[in-house]
Amino acid sequence: MTPDSTTPAASDGWAPKPADTVTPHEQSLLVMRHLSDEQVRAYLGSSGLPVETSREQAALHFAEHRVTALQEAAAFREKAAKQTKRRSRKKQTYAVAPPELPAAAQAELTSAKEVGQAAGRLWQRLSTWSAIVGLVIGWGFLISGAVGVIPGLQVLFFVSAVCLALSPLLMFVVAPICYARGQRASRAALFEWAVHRPGQLERGLPGLHKRVDEDATSGSSFCLGLISMAVGGFCAVMGLVMIPISLLDQQATSWQVTGVLLGIGAVFLLSPRLVTRWGQWVRRRNDEIDEAVSWVYAAATPTSLYPR
């Protein structure tokens, strides 16, 4: 069975759509490998499968029931599409909102919202307060720098320099990291919540946040990349300067220092590229898992109902 055979045709801009990059069986294997041993045992128990069932057999069960859930979502979409067409034939020009979800889907959306918010609440507050404190310290940099020009208060220039270092650190590194940590906690809680509910993993995780790390840590990645390029460039330049000195000195120690400087420079200059490649591979793998456990009614749900 191809992925397209289980993918409802997009219509009206909100049709439920499963992963179309891998086959359903490959999706199910990704999900089972992502789960811990305890979560797999919980999934087997909620699905009525024997405890000795292997991950491969559990993956087959997941794929079969995933397709069924997608078909139910497709039927829901088609019914809503027919209602929209009837309204169109009656020339009703008002905007048509997404149809009301089935009672079971609405209940699991509410439950997932509570679970996700409870798991990530502490980290979200830390992220918010880190950004606020960083903003206040940024104002401290401006005020202390302006007051420091007064004779006898030059010590405030040192305070201004400290504020200049702390403000971007809190706003662009600490706050995004706390935000990403909170979203990862919510994500882990949703997986734990789903494996204990019969059929929930197959229907997907309501309110699943995608590409959390990419969105939340872009500022810190940029800052760390600049630091790596600066340190690497400095070490590389110093190593190149040491080459003629080593040729004239003809001492082993000089060549050792030159080699160390060039090596450190190469590592720091190449590290942003290597980290980027690794991040792309991780994001691609996470995207496949996200698609495999995307909620079948996600596209039909107003984004305001999703946990933040």
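Since the model is a prediction, treat every value here as computed from it, not as a measurement. Every heavy atom of this structure was used, including side-chain atoms; hydrogens, water molecules and symmetry mates were not.
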Revision key, fill the gap. All heavy atoms of I289 vs all of R187, minimum pair found to be CG2-NH2, 4.3 Å
Review point. Okay, side chain of S130, backbone of L126: is any donor-acceptor separation there less than 3.5 Å?
Key: yes
Review point. L29 and L60: same hydrophobic cluster, using ILVMFWY side-chain contacts below 4.5 Å?
Key: no
**Study point:** Hphob cluster co-occupancy, I177 + L122, side-chain heavy atoms under 4.5 angstrom
**Key:** no
Review point. About how many Å separate CG of D287 and OG of S294, when rounded to the nearest 0.5 Å?
Key: 11.5 Å
Check your understanding: From D290 CG over to Q27 CD, what is the distance, rounded to the nearest 0.5 angstrom?
Key -> 11.5 Å
Exercise for review: Calculate, to the nearest 0.5 Å, the distance between atoms CZ and OG belonging to R121 and S186 respectively.
Suggested key: 9.5 Å
Review point. Would you say the side chain of L109 lies within less than 4.5 Å of the side chain of W295, judging by non-hydrogen atoms?
Key: yes
Exercise for review: Without swapping roles, check the side chain of R55 against the backbone of L35 for a donor-acceptor pair under 3.5 Å.
Suggested key: yes
Study note, to complete from the structure: Residue set satisfying side chain to side chain donor-acceptor pair (under 3.5 Å) with S46, at least two apart, ordered chain then number -> none
Check your understanding: So do the side chains of F141 and P168 get within less than 4.5 Å of each other, counting heavy atoms only?
Key -> no
Review point. Sequence neighbours excluded, which residues qualify as salt bridge (charged side-chain N to carboxylate O under 4.0 Å, His left out) partners of E38?
Key: R41
Practice item. Would you check if the side chain of T258 reaches a backbone N or O of G239 as a donor-acceptor pair within less than 3.5 Å? Key: no
Exercise for review: Please report the closest heavy-atom contact between C235 and I264, naming both atoms and the distance.
Suggested key: SG-CG2, 3.7 Å
Practice item. Locate the shortest heavy-atom distance separating C178 from W123; write the atom from each residue and the value. Key: O-CB, 3.4 Å
Check your understanding: Which heavy atom in G204 sits nearest to a heavy atom in P206, and how many Å separate them?
Key -> O-CD, 3.4 Å
Review point. Can you hop from I137 to V162 via hydrophobic side chains spaced under 4.5 Å?
Key: yes
Review point. Do the non-hydrogen side-chain atoms of I243 and L240 ever get within less than 4.5 Å of each other?
Key: yes
Check your understanding: Is there a side-chain contact between Q106 and T110 (heavy atoms, below 4.5 Å)?
Key -> yes
**Study point:** Counterpart residues, salt bridge (charged side-chain N to carboxylate O under 4.0 Å, His left out), relative to E202 (two or more places apart)
**Key:** none
**Study point:** Note, S47 side chain near H61 side chain (heavy atom, < 4.5 Å)
**Key:** yes
Point to revise | Main-chain N/O of E108 paired with S111 side-chain donor or acceptor, under 3.5 Å | key: no
Point to revise | Exercise: identify the closest heavy-atom pair between A73 and Y297 | key: CA-CE2, 4.1 Å
Check your understanding: Which residue pairs pass the ring pair (Phe, Tyr, Trp, His ring centres under 6.0 Å) test with at least one member in residues 26-58, sequence neighbours excluded?
Key -> H34-F191
**Study point:** Check: Q124 and Q183 side chains under 4.5 Å, non-hydrogen atoms
**Key:** yes
Point to revise | With sequence neighbours excluded, residues passing side chain to side chain contact (heavy atoms under 4.5 Å, CB included) with A194 | key: Q200, L201, L205
Exercise for review: Flag yes if L166 and I132 sit in one hydrophobic cluster, no otherwise; membership is Ile, Leu, Val, Met, Phe, Trp, Tyr, and two members link when side-chain heavy atoms are under 4.5 Å apart.
Suggested key: no
Review point. Quick one: CG on L261 to CZ on F234, what's the gap to the nearest 0.5 Å?
Key: 8.0 Å
Review point. Rounded to the nearest 0.5 Å, what separation is found between the OH atom of Y179 and the OG atom of S127?
Key: 8.0 Å
Exercise for review: Considering non-hydrogen atoms only, spot the tightest contact between L44 and A58 and give its length.
Suggested key: CD2-CB, 3.9 Å
Check your understanding: Within a strict 4.5 Å, meaning less than it, do heavy atoms of the P102 and F76 side chains meet?
Key -> yes
Review point. Is a donor on one side and an acceptor on the other found under 3.5 Å between the side chain of T53 and the backbone of P50?
Key: yes
Exercise for review: State which residues pass side chain to side chain donor-acceptor pair (under 3.5 Å) with E192; sequence neighbours excluded, sorted by chain then number.
Suggested key: Q39
Review point. How about L142 and W139: do any of their side-chain heavy atoms sit closer than 4.5 Å?
Key: yes
Review point. How many angstroms lie between CH2 in W129 and CG in L170, if you round to the nearest 0.5 Å?
Key: 13.5 Å
